Amino acid sequence: INREDNPDYTSPPGVNPERDRSKPDEEVYGNEQSLNLILTDLEQNEKREAVKYLFRPLDVFNYSEMKLFIHGDETGNSISGANGRYRAEVYFRFGGDTNNYYEYRQPVDTGWNEISILFSELTAIKQARIRTDSVASLGVNGSPGHSYQILGNPTLTGIKFLTVGIVNISDTSNPGAISGEVWVNELRVIGADDTPGFAYSISTSFKMADLMTVSFNMSQTSPYFHRLADRFGSRVESKNWSVNTDLNVLKLLPINLPESNLRLTYSHTESV
């Protein structure tokens, strides 16, 4: 559903059509649109969902928050409920597979609603739970009916699917099937990690005439250091150092041994 073909469509607050930069002499804007989930007679305790599988795993570890907009039906249909009662819940799920995922769930409300998923709260649930084979849930402070859920051992570094779904909750005050539309738009991550990083390397050598040569090398890279072509660091702190010594033993002997060679070499390397 989009603003050009659907007169009743409204964009989320703060979301504007993108200008076509390939035409600097003209003000041409793209078409702003949303994913439209149309439900017809969805029975109680049943759900429908749209899934996007990613060919390349998504890594959002270096961000602090994921956001998206959800729009509940405003035409009087039953999906958004009435009189303060909710008849359906919308959930956004992402992870490695159906046995390992994170989830955010909230009631379907009328108009545009922004979902904010804090990765720090998700990982806190993952660390505090006891079992991994059952769903762990935690309510969201200040948002009644909103909750985080986690199943298995998902990771923010290997997201392979994105799912948005609608479920008709069991409510004796609002029995029966529901129908209506739910719009989904502007999925994004924010709060990129901009922690400064550093890296250095040292190389030196010492030579004592023809008797001995000593060389020393050391390098260290912080987890946040990255090249200009990369957006984030490797998340690995590495430190390497080595020392090499070459000693000409014949120079220490009191006798002269022409055309002879006797050298002692010592090398030590550490990598952490």
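Remember, predicted model here, so these are calculated numbers, not experimental data. In what follows, residues are counted from 1 in the order of the sequence shown. Side chains are part of it too, since the values below use all heavy atoms of this structure and drop only hydrogens, waters and symmetry mates.
- Counting heavy atoms from C-beta outward, V182 and V108 have side chains that approach closer than 4.5 Å.
- Taken to the nearest 0.5 Å, the NZ atom of K52 stands 11.5 Å off from the OG1 atom of T163.
- Within the 4.5 Å cutoff, side-chain heavy atoms of V60 are placed close to those of I159.
- Using cut-offs of 30° and 60° for the angle between ring planes, the F69 and W112 rings count as perpendicular.
- Judged purely by atom type and a 3.5 angstrom limit, S222 uses its side chain to pair as donor or acceptor with the backbone of F198.
- When hydrophobic clusters are built by joining Ile, Leu, Val, Met, Phe, Trp and Tyr residues whose side-chain heavy atoms come closer than 4.5 Å, directly or via intermediates, I255 is grouped together with L252.
- Panel note: side chain N185, backbone Q33; a donor-acceptor pair is recorded below 3.5 Å.
- Clustering ILVMFWY residues whenever any of their side-chain heavy atoms sit less than 4.5 angstrom apart, transitively, puts L54 in the very cluster that holds V164.
- The shortest distance between side-chain heavy atoms of I115 and Q106 falls below 4.5 Å.
- Taking each heavy atom of R263 and N261 in turn, the nearest pair found is CG-OD1, 3.1 Å.
- Between the OG atom in S64 and the CG atom in D193 there is a gap of 8.5 Å [rounded to 0.5 Å].
- For the atom pair CG (L247) and CE (M208), the distance works out to 10.0 Å, reported to the nearest 0.5 Å.
- Taking the side chain as every heavy atom from C-beta outward, S201 and M218 never approach each other to under 4.5 Å.
- For R188, the CZ atom sits in a packed shell: over 12 heavy atoms of surrounding residues, nucleotides or ligands are nearer than 6.0 Å.
- Taken from CG in N248 to OG1 in T213, the straight-line distance is 9.5 Å, to the nearest 0.5 Å.
- Residues N113 and G111 approach most closely at ND2-O, 3.0 Å, considering heavy atoms.
- Aromatic ring orientation, W241 versus F216: tilted (interplanar angle from 30° to 60°).
- With hydrogens and angles disregarded, a donor-acceptor distance shorter than 3.5 Å links the side chain of S179 to the backbone of D41.
- The local environment of CG in D210 is sparse, with at most 12 non-hydrogen atoms from other residues, nucleotides or ligands closer than 6.0 Å.
- Exactly one residue among R48, E49, K47 makes a side chain to side chain contact (heavy atoms under 4.5 Å, CB included) with V167. That residue is K47.
- Under the 4.5 Å side-chain heavy-atom criterion for ILVMFWY residues, no single connected hydrophobic cluster contains both V272 and F225.
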Y200 and I202: side chain to side chain contact (heavy atoms under 4.5 Å, CB included), yes or no, with the steps?
CA-CA 7 Å; Y200 68 85; I202 299 173; 4.2 Å; yes
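- Between the side chain of S143 and the main chain of V140, no donor-acceptor pair closer than 3.5 Å is present.
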Given the rule in the side chain to side chain donor-acceptor pair (under 3.5 Å) test, do Y102 and Q149 qualify, once you have shown the distances and angles that lead to the verdict?
CA-CA 6 Å; Y102 297 108; Q149 296 187 6; over 6 Å; no
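- Of all heavy-atom pairs spanning G30 and P17, the tightest one is O-CB, 3.4 Å.
- Under the 4.5 Å side-chain heavy-atom criterion for grouping Ile, Leu, Val, Met, Phe, Trp and Tyr, Y148 is connected to L162 within one hydrophobic cluster.
- Between T123 and L156 there is a side-chain heavy-atom pair separated by less than 4.5 Å.
- Classification of D246 and K207 as a salt-bridged pair fails, no side-chain N sitting under 4.0 Å from a carboxylate O.
- To the nearest 0.5 Å, atoms CD1 (I1) and CG (N6) are separated by 4.0 Å.
- Contact annotation: the side chain of Y104 approaches that of H146 to within less than 4.5 Å [non-hydrogen atoms, C-beta and beyond].
- Between R19 and E32 there is no salt bridge, since no side-chain N of the basic residue sits under 4.0 Å from a carboxylate O of the acidic one.
- Using modelled atom types, one side-chain atom of D20 and one backbone atom of S22 make a donor-acceptor pair closer than 3.5 Å.
- Within the 4.5 Å cutoff, no side-chain heavy atoms of I150 are placed close to those of V135.
- Note on R105 versus E103: salt bridge recorded, some NZ/NE/NH1/NH2 to OD/OE distance being below 4.0 Å.
- The two residues S242 and N244 come nearest to each other via the heavy atoms OG-ND2, 4.2 Å.
- When all heavy atoms are compared, the tightest approach of I125 to A136 is CG2-CB, 4.0 Å.
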Verdict with reasoning, L42 to T40, per side chain to side chain contact (heavy atoms under 4.5 Å, CB included)
CA-CA 6 Å; L42 181 65; T40 304; over 6 Å; no
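- For the pair L250/S260, a side-chain contact is recorded, criterion being any heavy-atom separation below 4.5 Å from C-beta on.
- Panel note: side chain K160, backbone L58; no donor-acceptor pair is recorded below 3.5 Å.
- The backbone N or O of N153 lies less than 3.5 Å from a partner atom in the side chain of N100, making a donor-acceptor pair.
- Checking F61, Y224, Y63 one by one against F232, the ring-ring contact (aromatic ring centres under 6.0 Å, His included) holds for a single residue, Y63.
- In this pair, F92 and F94 present their aromatic rings tilted. The plane angle is within the 30 to 60° band.
- Between the side chains of T157 and D59, no donor N or O sits under 3.5 Å from an acceptor N or O.
- Checking Y29 against E18 by side-chain atom types alone, no donor-acceptor pair falls below 3.5 Å.
- Between atom CZ of residue R129 and atom CG of residue L138 there is a gap of 13.0 Å, rounded to the nearest 0.5 Å.
- Atom OH of Y53 sits in a sparse spot, with 12 or fewer heavy atoms from other residues, nucleotides or ligands closer than 6.0 Å.
- Between N2 and N31, the side chains place a donor N or O and an acceptor N or O closer than 3.5 Å (distance only, hydrogens not considered).
- A cation-pi arrangement is absent between R3 and Y9, since the terminal nitrogen or guanidinium carbon is not both under 6.0 Å from the aromatic centre and inside a 45° cone about the axis.
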Check the pair E65 / S116 against side chain to side chain contact (heavy atoms under 4.5 Å, CB included), numbers first and verdict last.
CA-CA 7 Å; E65 189 175 357; S116 297; 3.1 Å; yes
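- In terms of hydrophobic clustering, with Ile, Leu, Val, Met, Phe, Trp and Tyr side chains grouped at heavy-atom distances under 4.5 Å, V189 and I117 are assigned to a common cluster.
- Of all non-hydrogen atoms in A177 and R87, the two that sit nearest each other are O-NH2, 3.8 Å.
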Step by step, work out the side chain to side chain contact (heavy atoms under 4.5 Å, CB included) result for M212 and K251.
CA-CA 9 Å; M212 181 175 61; K251 297 296 182 179; over 6 Å; no
